[in-house]
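Input: a single structure, listed below in structure tokens.
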Amino acid sequence: SSLLQRLIYIVPAALCIYMGGGVAYLVTLYTFSTLINIGINYIFTTKLFSFSVNPIIMLKFSFNLKLFKQAMVFSLLGFIGYFYSKIDITMLSLFSDQESVGYYCAGLKLIQPLEMAGQMAAISFFPLAVERFKKNKPVRAATLYSASIVIAVVLVPLSLIISIYSKEIITVIYGIDYEEAGSILKYLCWVIPLGITSWPLIIAMQANHHEKKFVIPNIIRSLSNITLNYIFIIKYGFIGVVYSTIITYLWFYIFINIYMLIILKKNKNICWGEPKWIIMKLYGMKINF
């Protein structure tokens, strides 16, 4: 349904821009595609679940505090994630010129499909993780990291190609006027594999209902990014956003991986395990892991 929404929006939007349409037309088209997406999701939901929208019944709803708290945690995490993704552009517009904002947006937009592909690959592990944890079987940490390695193996070559040919890619898509955006694309493309490799652990946390433990670390990450943006944008211009993003990602994902492993291990959701061949060699026996 999300893919269909993009297609419903992108094709008319491209035609609108080609014919000289303005921002108002694009906003209208996006609103229209979103409404269609809501309708499609409603149809899917009513077919899969016993669910219907009845205004009379909705007036007699009962308040479930537990479900409300869970929903608030996910909503808060979604808001923090959205805030984090948009704050760079906002701060660039405040402390730099329109040209810098244009360069940064050009580079950032080309990274988003790579990020979405990595997230989809990571999310594909979610049903398996939920099923495994429901059976109260601790998952070996090596298994989670092997999933991360698989994702990284796919994304790292793509990032390498994008990094090497960043200026050529920018020039072909946007034109020679946006050549400066190549320096943004060259470095930001490496941020995606770094972040995506944490997704299997993040999914393990969500499968075991530890999602509220992400709130404070993500707030700290956003504050760190804002502080570094203020320092580097004033000193280096639009490339300063790249510096602040790389620094923030490096410390955050080193910290968050250790943080998640400690929580999952403390709650006995994962186990460290040992290489099977070493045990068999030392003790000469077959051990069932």
Note to self: Between I184 and L108, is the side chain to side chain contact (heavy atoms under 4.5 Å, CB included) condition met? List the steps.
What the structure shows: CA-CA 8 Å; I184 294 173; L108 185 65; 5.9 Å; no
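- Annotation: side chain of F214 is not in contact with side chain of I80 (no heavy-atom distance under 4.5 Å).
- Note: the hydrophobic cluster containing I234 also contains I226 (ILVMFWY, side chain heavy atoms under 4.5 Å, direct or indirect links).
- The neighbour count for I216 CD1, taken as heavy atoms of other residues, nucleotides or ligands under 6.0 Å away, does not exceed 12.
- Counting heavy atoms of neighbouring residues, nucleotides and ligands inside a 6.0 Å radius, atom NZ of K213 exceeds 12 of them.
- The shortest distance between side-chain heavy atoms of I38 and T34 falls below 4.5 Å.
- Few gaps surround OH on Y259; more than 12 heavy atoms of other groups in view lie less than 6.0 Å from it.
- N267 and N208 form no side-chain donor-acceptor contact under 3.5 Å, judged by distance and modelled atom types alone.
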Margin query: The test is side chain to side chain contact (heavy atoms under 4.5 Å, CB included); show your working for V101 and S96 and say whether it passes.
Written below: CA-CA 8 Å; V101 176; S96 189; 5.8 Å; no
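- The shortest distance between side-chain heavy atoms of L264 and H210 falls below 4.5 Å.
- I262 forms part of a hydrophobic cluster together with I254, I258, judged by ILVMFWY side-chain heavy-atom separations under 4.5 Å.
- The neighbour count for Y249 OH, taken as heavy atoms of other residues, nucleotides or ligands under 6.0 Å away, is above 12.
- For the atom pair D88 CG and N225 CG, the distance stands at 5.0 Å (nearest 0.5 Å).
- To the nearest 0.5 Å, atom CD1 of residue I203 and atom CE of residue M260 are 10.0 Å apart.
- For Y25, the OH atom sits in a loose shell: 12 or fewer heavy atoms of surrounding residues, nucleotides or ligands are nearer than 6.0 Å.
- Checking side-chain atoms of T28 against main-chain N and O of A24 turns up a donor-acceptor pair under 3.5 Å.
- Atom NZ of residue K109 and atom CG of residue L185 lie 14.0 Å apart, to the nearest 0.5 angstrom.
- When atom types are taken as modelled, the side chain of S224 and the backbone of I220 share no donor-acceptor pair closer than 3.5 angstrom.
- For the residue pair C16 and L29, the shortest heavy atom distance occurs at CB-CD1, 4.2 Å.
- Contact annotation: the side chain of F232 approaches that of I247 to within less than 4.5 Å [non-hydrogen atoms, C-beta and beyond].
- Between the side chains of D97 and S100, at least one donor-acceptor pair of N or O atoms lies under 3.5 Å.
- Side-chain heavy atoms closer than 4.5 Å link hydrophobic residues (I, L, V, M, F, W, Y) into clusters, and following such links, possibly through other members, connects I89 to V241.
- Using modelled atom types, no side-chain atom of Y103 and backbone atom of Y178 make a donor-acceptor pair closer than 3.5 Å.
- Between I270 and L261 there is a side-chain heavy-atom pair separated by less than 4.5 Å.
- Atom CD of E168 sits about 8.5 Å away from atom CD of E179, to the nearest 0.5 Å.
- Two residues are said to be in side-chain contact when any heavy atoms from C-beta on lie closer than 4.5 Å; L35 and F32 fail this criterion.
- With sequence neighbours excluded, the residues forming a side chain to side chain donor-acceptor pair (under 3.5 Å) with N41 are S1, listed by chain and number.
- Pairing each heavy atom of K186 with each of S166, the nearest pair is CB-OG, 3.5 Å.
- Side-chain heavy atoms closer than 4.5 Å link hydrophobic residues (I, L, V, M, F, W, Y) into clusters, and following such links, possibly through other members, connects I161 to L110.
- Put simply, the side chain of S33 never gets that close to the backbone of I8: no donor and acceptor are under 3.5 Å apart.
- Closest heavy-atom contact between S159 and C189: OG-O, 2.9 Å.
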Notebook entry, point to check: Could you go step by step and tell me if I162 and W190 meet the side chain to side chain contact (heavy atoms under 4.5 Å, CB included) rule?
Noted result: CA-CA 9 Å; I162 292 172; W190 290 107; over 6 Å; no
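- Using a 30° and 60° split on the angle between ring planes, F252 and F255 fall in the tilted class, from 30° to 60°.
- Scanning both residues, S244 and L228, for their nearest heavy atoms gives CB-CB, 3.5 Å.
- Contact between W251 and R221 at its shortest, heavy atoms only, is CZ2-CA, 4.0 Å.
- For Y187 against S183, the heavy-atom pair with the smallest separation is CD1-O, 3.0 Å.
- Linking ILVMFWY residues whenever their side-chain heavy atoms come closer than 4.5 Å, directly or via other members, leaves L7 and I43 in distinct clusters.
- The hydrophobic clustering, which links ILVMFWY residues whose side-chain heavy atoms are closer than 4.5 Å, places L223 and I233 together.
- For the pair S198/I256, a side-chain contact is recorded, criterion being any heavy-atom separation below 4.5 Å from C-beta on.
- Using a 4.5 Å heavy-atom threshold, the side chains of I17 and L26 count as touching.
- For F238 and Y104, the ring centers sit 6.0 Å or farther from each other.
- The neighbour count for Y253 OH, taken as heavy atoms of other residues, nucleotides or ligands under 6.0 Å away, is above 12.
- Separating the OH atom in Y174 from the CD1 atom in I176 is a distance of 15.0 Å, to the nearest 0.5 Å.
- Note that CG of N229 and OG1 of T245 are 6.0 Å apart. Values are rounded to the nearest 0.5 Å.
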Next item on the list: Go through the steps for L160 and I164 under the test side chain to side chain contact (heavy atoms under 4.5 Å, CB included), then give the verdict.
Entry: CA-CA 6 Å; L160 181 61; I164 293 172; 4.0 Å; yes
